[in-house]
Amino acid sequence: MSQDTNQKCGVVAVIGAPNAGKSTLVNNLVGQKVAITSAKAQTTRARLMGIALHDQVQIILVDTPGIFAPKRRLDRAMVSAAWEGAQEADAIVLMVDPIKQRRHEMIPLVEAMAKRPERKILVLNKVDKAVKEPMLALAQELNDQVAFEEVFFVSALTGDGMGELKDHLAGMMPKGVWHYPEEQVSDASERLLAAEITREQLYQQLHDELPYDSAVRPESYTQRKDGSIEVRQQIVVGRESQKPIVLGKGGSMIKSIGAAARKELAEVLGVKVHLFLHVKVDENWADDKEIFEEMGLDFGR
Ligand code: GDP
Ligand code: MG
């Protein structure tokens, strides 16, 4: 890597209640999809990272799972992964959806943040939909509790206000050579991203018929002689009764999920993709160490 002395490089942790728009923000800053987004809470599981470039500045974004009261093992692992991401970051961004707010999840986060030594930025998202007055009142309220250096009002979806935010974050990064090659946009392997893209389609196409405790496991990822990629994945559900939902009538649902995921993956990778999906029932998958590690999470005790 070049030893250019003008280079800057740092870490920004993105924290917030589920659905605040953290993944959308990371994708916007990176300029392409690296994290899956969903209208359903808790889509983000692992500490997925996006890498954004801004002139001579490399911004490493840690897109954390939403932090909330952990009960199950999976939830606890997600919470500790989230705070780990904030440790010694050059900036912590608190993302807030001023419409839904999700105060029971946001307020503990605000309290924990007030005690942290890192530099903090407040981002109120979804200005394309939010009503101005209550949004300003909320910004004031949060500002009274945490020493935010700066407040931004953005729409991560439309890009409104994102230029200023990116400029500011870039300005906060310390001098230092880039940690990653110029063209790298994520630390997730393509194999894992492929599984995430399938999971996103599960959420999109099944809506509320499937609880969020399903998983997509990468089985194999190989390049064929013609340069195309062959991907095999397993969709794991917790109950026998969920299997026909994922399969659909005559296999129509899994076919449709596979088609959409294959199309998207082919676009992201820029090559032809062959995707093979099958469904497995495993009541105890949420207690399976191997599945945790595949998702980049710590199984814990
Ligand atoms: P996360 O759970 O914090 O990572 O949130 P996501 O990035 O997955 O976003 C949650 C939902 O909010 C998705 O349906 C997004 O499309 C939507 N969303 C994110 N940013 C905006 C925004 O600026 N405006 C609007 N209207 N919706 C947004
Ligand atoms: Mg997310």
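Nothing fancy with the numbering, it's 1 onward along the sequence. As the structure lists them, so they are numbered: ligands from 1, and atoms in each ligand from 1.
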Does any N or O of ligand 1 fall below 3.5 Å from an N or O anywhere on [X], backbone included?
X      : answer
Val154 : no
Lys129 : no
Thr158 : no
Ala156 : yes

### Task
Determine, for Phe276 and Arg232, whether the Lys NZ or Arg CZ falls below 6.0 Å from the six-membered ring centre while staying within 45 degrees of the axis.
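Flagged: Arg232 positioned over aromatic ring of Phe276.
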
#### Entry: Closest contact, heavy atoms only, Val273 versus Arg262
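Answer, listing the atom of Val273 first, then Arg262: O-CD, 3.0 Å.
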
### Query
Does ligand 1 have any atom sitting under 4.0 Å from a heavy atom of Ala20?
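Right, Ala20 reaches ligand 1.
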
### Task
Rounded to the nearest 0.5 Å, what's the gap from CD on Gln223 to OG on Ser228? Could you check?
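Answer rounded to 0.5 Å: 7.5 Å.
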
### Query
How many angstroms lie between CG in Leu138 and CE in Met106, if you round to the nearest 0.5 Å?
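Answer for the CG-CE pair, Leu138 versus Met106, is 5.0 Å.
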
### Query
Taking non-hydrogen atoms only, is Asn125 closer than 4.0 angstrom to ligand 1 via side chain, backbone, both or neither?
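Answer for Asn125: side chain.
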
### Query
Quick one: does ligand 1 sit under 4.0 Å from the side chain of Thr24, the backbone, both or neither, non-hydrogen atoms only?
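Thr24 to ligand 1: contacts from backbone and side chain alike.
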
### Task
Give every residue pair that meets the side-chain hydrogen bond (donor to acceptor under 3.5 Å, both in side chains) criterion with at least one member in residues 130-149, sequence neighbours excluded.
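Qualifying pairs: Arg103-Glu141, Arg119-Glu149, Gln140-Asp144.
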
#### Entry: salt bridge (Lys or Arg N to Asp or Glu O under 4.0 Å) partners for Glu240, two or more places apart
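Glu240 satisfies salt bridge (Lys or Arg N to Asp or Glu O under 4.0 Å) with no residue once adjacent residues are dropped.
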
### Among Gly161, Ser23, Gly159, closest by any non-hydrogen atom to atom 4 (O) of ligand 1
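Result: the heavy atom closest to atom 4 (O) of ligand 1 is in Ser23.
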
#### Entry: Atoms in ligand 1 flagged as close to Ser155, the criterion being non-hydrogen separation under 4.0 Å
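Those qualifying, in numeric order: 22 (C), 23 (O), 24 (N).
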
### Message
Is there a continuous path of hydrophobic side-chain contacts, each under 4.5 Å between heavy atoms, that joins Leu157 to Leu29?
### Response
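Cluster IDs for Leu157 and Leu29 differ.
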
